[in-house]
Each structure stands twice: as structure tokens, then as C-alpha cells.
2 protein chains.
Amino acid sequence: MSLRYALLALLRVGPLSGYDLQKQFHQSVGHVWHAPDSQIYPELRKMEQLGLIVGEEQARGERGTRRMYHVTDAGDQAFLDWMAAPLEYQRVRDPAHLRAAYLETTTPDAAHAFLQQHIVQWTSELAQWTGELARIDAVTNPMLARRLAVTPEKDRERTIAYKRFAYEGLVERAEAEIAWARRGLDLIARMS
Amino acid sequence: MSLRYALLALLRVGPLSGYDLQKQFHQSVGHVWHAPDSQIYPELRKMEQLGLIVGEEQARGERGTRRMYHVTDAGDQAFLDWMAAPLEYQRVRDPAHLRAAYLETTTPDAAHAFLQQHIVQWTSELAQWTGELARIDAVTNPMLARRLAVTPEKDRERTIAYKRFAYEGLVERAEAEIAWARRGLDLIARMS
DNA sequence: CAGAACATGTAAATCGTTACATGATTTC
DNA sequence: GAAATCATGTAACGATTTACATGTTCTG
């Protein structure tokens with residue numbers, strides 16, 4: 001359900017085609033809420049049916065077309081309502097910690113490989129997020145730049161501060177996962 | 001898909017009825033991998049069809065029945081294979097950090113309420129997990145006690161160490177989320 | 001004999017993943 | 001004219017949620 005609001009957040013800055021939206025999505029909000037293209041396009045159609053956005057069909061070359069999506073007042077309000085409503089938390093469902101609780105059932109090699117992979121996985125996420133933090137600081141992120149362009153001077157600082165805040169949390173999370181996995185590797189070494 | 005292996009992990013310790021399994025589940029692995037009863041019972045049936053477990057129908061009083069489930073060799077092997085296989089990581093999908101990235105679009109009050117709720121949420125998870133850690137140390141958790149009873153002396157230390165390791169990671173995660181939200185509250189105070 | 005605990009689900013809807021599918025236009 | 005990029009999906013399946021549904025047996 002959050003996909004809808006992630007998309008609205010992007011479109012509120014200014015109209016985008018499905019394709020451009022999808023690209024911006026993967027470069028910004030997609031780091032926090034993954035969705036494949038095959039979910040984005042249908043969701044846009046659904047949002048259009050609900051009147052949250054309107055799609056304006058545009059010609060492109062001889063035969064091609066593309067739809068530019070604009071947020072409607074209803075869509076804007078839906079986003080603001082979501083922001084003001086209590087967040088629906090998902091239940092914990094954490095395969096890595098599930099497996100960690102049963103590491104004694106497998107070989108030290110397999111346990112080692114699992115934690116190594118955990119480090120690889122989170123190192124990759126960490127790189128994404130530190131990269132995004134750097135782009136926030138340099139105002140290199142295209143969505144952020146567009147957003148700041150339509151933001152009154154006095155609100156720019158807040159916009160940047162909250163973006164930083166969000167990504168800092170993710171960076172800390174990744175660092176903690178890596179530190180945890182390293183401790184696990186030490187534990188395996190001691191136990192075997 | 002991990003639900004299957006969470007259930008196998010419990011059943012490998014010894015046979016349980018669906019009902020007992022469901023209770024043990026919510027008191028142990030359920031803290032790491034949530035599933036409602038309405039998912040557990042059908043999954044058990046599916047696992048039985050796949051030959052991973054066998055259900056033995058038992059009379060209970062005059063008319064009642066219950067199914068005791070045993071892990072088959074195939075089920076045991078499936079669990080060990082899963083433990084040895086690379087873990088399938090889920091894509092990031094984090095509504096709290098998504099919302100955090102857009103806190104400037106709402107009122108300071110709503111932003112404040114959101115982070116307060118985040119603290120409440122993670123404080124509750126934290127309590128679950130520190131409680132579980134305490135039960136691990138006291139060997140009060142019934143599943144752990146049963147598991148240790150069928151574990152050779154020399155492996156008990158490892159079993160406990162890995163359980164601790166898994167829950168320590170979760171405790172740190174919860175503490176980090178709380179610390180992050182507190183920093184967010186400071187930020188809101190400074191920004192408004 | 002009432003209430004708690006035992007015992008086991010089904011149905012409908014939504015969400016998300018994976019694989020597949022197609023064609024147009026711009027750029028070198 | 002080939003490759004990259006633009007542009008937009010569908011179909012099938014599996015996972016998850018939510019709500020509903022029902023009856024039995026033990027304990028005080």
C-alpha cells in the first residue's frame with residue numbers, strides 16, 4: 001500500500017511519465033521501498049481510476065505515445081492524509097535472524113558462508129545509502145533538486161534535514177547488520 | 001517460504017500437534033517470523049502433501065481428534081538443505097523510513113506523533129526480544145528446553161550461543177530504531 | 001454449567017514476484 | 001542499420017492478511 005504514497009510523493013513535485021517516474025523511483029524512493037516496473041505501471045492505472053492522478057496522453061514521434069501523470073487535489077490530499085495517519089507497521093519477518101537462531105544445525109562452513117553473504121548483502125545496501133546521502137549533500141539527486149526548486153527558501157533546510165535523517169537511519173541499520181554478522185563469524189570461529 | 005523452515009525447525013525437536021506447534025511458534029520463532037494460525041494450519045497440510053512431515057490422527061476424548069506431526073527424513077533433509085543454501089534476501093520495503101524522508105510535508109505535530117509511535121512500536125519489540133534473551137539464559141523457553149534435552153552435551157553450548165546471537169541482533173536493531181526516532185524528535189524540535 | 005483452552009480450519013482479497021511480451025524512437 | 005533507451009505493460013503464481021467459522025473438552 002505504501003507504493004501508492006511513494007509514487008504520489010514523487011509526482012507531487014511535478015508531472016512525470018510512467019517511464020520517467022519509474023526511473024526516478026529506482027534512483028530515490030526505490031531504495032526504501034522496492035517495487036518492480038511490473039507493479040508500478042498497473043498501480044498508476046489504479047491510482048488514475050481512483051482519481052488520485054490524471055494521465056495525459058501525449059504523442060511521441062509518429063506513432064508512439066506516453067502518459068504524463070499529474071497529481072490531482074484528491075491525490076495531494078490522500079498523500080497528506082497518509083502522512084498524518086498512524087503508520088501501519090508490518091510484522092517482523094526476518095529470514096536472516098531466523099536462520100541465525102539455528103546455526104548449530106549446520107556445518108561451520110555453511111554458517112560461515114551465510115554470515116559472509118549477510119555482510120556482502122548489507123555492504124551493498126550500505127553503499128546505496130551512503131551514496132544517496134552524498135547525493136543529498138551535493139544536491140545531485142535529480143528528484144531532490146526538482147523538489148527544492150519548488151520549495152520555498154525557508155523550507156529547503158527542513159527538506160534536506162529530513163531526507164538526511166531518513167537515510168542516516170538506513171546507514172546505521174546496515175552498519176549494525178554488518179557488525180552483527182562479524183561478531184557471528186567470531187562466534188563460529190570460537191565454537192568450532 | 002521461510003515459514004516452512006520455521007515450522008520444520010520446531011518439529012525437528014519432536015512431534016507436535018498443529019495446535020501445540022502454533023503455540024510454541026508464537027512463543028519462539030514467531031518473534032522472528034510472524035505468521036497467523038490461518039497460515040500455519042494450511043502450510044502444515046501442504047508440507048504433509050510434499051512428504052516433509054506426516055500427520056498422525058489421534059483420538060481425543062469421545063469425538064475430538066488432533067493430528068500429531070512428525071518430520072520425515074525428507075523433511076529433515078529439506079531443513080538442512082535450506083540451512084546450507086544461500087538465503088534469499090527480501091528487497092527493502094520500509095514504510096517508516098519512507099515516511100521519514102518526507103516529514104517536511106506534514107505538520108510538526110504529525111511528525112512528532114509518527115516518531116513517538118515508532119518508539120512505542122520498537123519498545124514493544126524490544127521487550128519481546130529482551131524477554132526471550134532472558135528466557136534463553138534461564139532455559140525457561142519450553143522449545144529450547146526440549147531442544148537441549150535431545151542435544152548431546154557438547155552441542156548445548158553452541159545451541160545456546162547461536163540463539164543468543166540471533167536475539168542479540170534483534171535487540172540491537174530495536175535499540176537503534178529507538179535511538180534514531182529520538183534523534184528525529186530532536187530534529188523536529190530544532191526545525192519548528 | 002460456564003468459560004477457558006483445545007483443535008482446526010475456509011474464503012476472499014490484496015500484495016508482490018517472476019517471467020514473459022512488444023514495439024517505437026533516438027543515436028551512433 | 002544496430003544498439004540503446006524509451007515506453008508500457010500482461011499472466012500466472014505464490015505469499016499474506018483479514019475476517020469469518022465451528023465444534024470439543026477440560027476445569028472450577
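Treat the numbers as computed from the prediction; the structure is a model and nothing was measured. Sequence lines set the chain letters: A, B, ... in the order given, protein chains first and strands last, and positions in each chain run from 1.
Stacking of B/Arg66 on the aromatic ring of B/Tyr19 is not recorded, the 6.0 Å distance cut-off and the 45° axial limit not both being met.
Regarding contacts with the backbone of D/dT17, a side-chain N or O of A/Arg93 is found under 4.0 angstrom from either OP1 or OP2. For B/Arg45, a side-chain nitrogen or oxygen approaches OP1 or OP2 of C/dG9 to under 4.0 Å. An OP1 or OP2 oxygen of C/dT14 is reached within less than 4.0 angstrom by no side-chain nitrogen or oxygen of A/Arg4.
Regarding B/Lys46, its NZ atom lies at a distance of 8 Å from the C1' atom of D/dG14, rounded to whole Å. Separating the CD atom of A/Glu48 from the P atom of D/dG9 is a distance of 9 Å, rounded to the nearest angstrom. As a whole-Å value, the separation of B/His26 NE2 from C/dC6 C1' is 14 Å. Residue B/Leu44 contributes atom CG, which lies 9 Å from atom P of C/dT8 at whole-angstrom precision. If you measure from atom CD of A/Gln58 to atom P of C/dT25, you get 15 Å, rounded to the nearest angstrom. Per the geometry, CD belonging to A/Glu57 stands 11 Å off C1' belonging to D/dA7, to the nearest Å. Counting to the nearest Å, the P atom of D/dT18 and the OH atom of B/Tyr41 are 19 Å from each other. Taking atom CG on B/Leu3 and atom P on D/dA15, their separation rounds to 9 Å, with Å as the unit.
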Output, in order, the C-alpha distance, side-chain angles, deciding distance and verdict of side-chain contact (heavy atoms from CB on, under 4.5 Å) for B/Val92 and A/His31.
CA-CA 7 Å; B/Val92 175; A/His31 294 146; over 6 Å; no
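The salt bridge (Lys or Arg N to Asp or Glu O under 4.0 Å) search around B/Asp155 returns B/Arg158, not counting sequence neighbours. Remark: B/Ser124 pairs with no residue by the side-chain contact (heavy atoms from CB on, under 4.5 Å) rule, at least two apart or across chains. Take B/Lys23 and apply the salt bridge (Lys or Arg N to Asp or Glu O under 4.0 Å) test, not counting sequence neighbours, and it matches no residue.
Counting only residues at least two apart or in different chains, salt bridge (charged side-chain N to carboxylate O under 4.0 Å, His left out) contacts with residues 75-93 of chain A comprise A/Arg12-A/Asp76. Legend: ring pair (Phe, Tyr, Trp, His ring centres under 6.0 Å) pairs involving residues 34-65 of chain B, not counting sequence neighbours: none detected. Pairs engaging residues 67-95 of chain B under the ring pair (Phe, Tyr, Trp, His ring centres under 6.0 Å) rule: A/His118-B/Tyr89, B/Tyr5-B/Trp82 [sequence neighbours left out].
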Would you tabulate the nitrogen or oxygen pairs shorter than 3.5 Å linking the protein to nucleotides 19-24 of chain C?
| from | atom 1 | to | atom 2 | distance (Å) |
| --- | --- | --- | --- | --- |
| C/dA24 | O3' | A/Gly64 | N | 3.4 |

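Both B/Asp37 and B/Glu88 sit near DNA chain C, but only B/Asp37 has its closest nucleotide nearer the 5' end. Nucleotides of DNA chain C nearest to B/Met68 and B/Arg91 differ in position, and the one nearer the 5' end is that of B/Met68.
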Listing, residues 163-171 of chain B side-chain donor-acceptor contacts under 3.5 Å, not counting sequence neighbours, or none:
| from | atom 1 | to | atom 2 | distance (Å) |
| --- | --- | --- | --- | --- |
| B/Arg164 | NE | B/Glu168 | OE2 | 3.1 |
| B/Arg164 | NH1 | B/Asp137 | OD1 | 2.5 |
| B/Arg164 | NH1 | B/Asp137 | OD2 | 2.5 |
| B/Arg164 | NH2 | B/Glu168 | OE2 | 3.3 |
| B/Tyr167 | OH | B/Ser28 | O | 3.2 |
| B/Glu168 | OE1 | A/Arg183 | NH2 | 3.0 |

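Shown for residues 12-24 of chain A: residues whose heavy atoms fall under 4.0 angstrom of DNA chain D, namely A/Gly18, A/Tyr19, A/Lys23.
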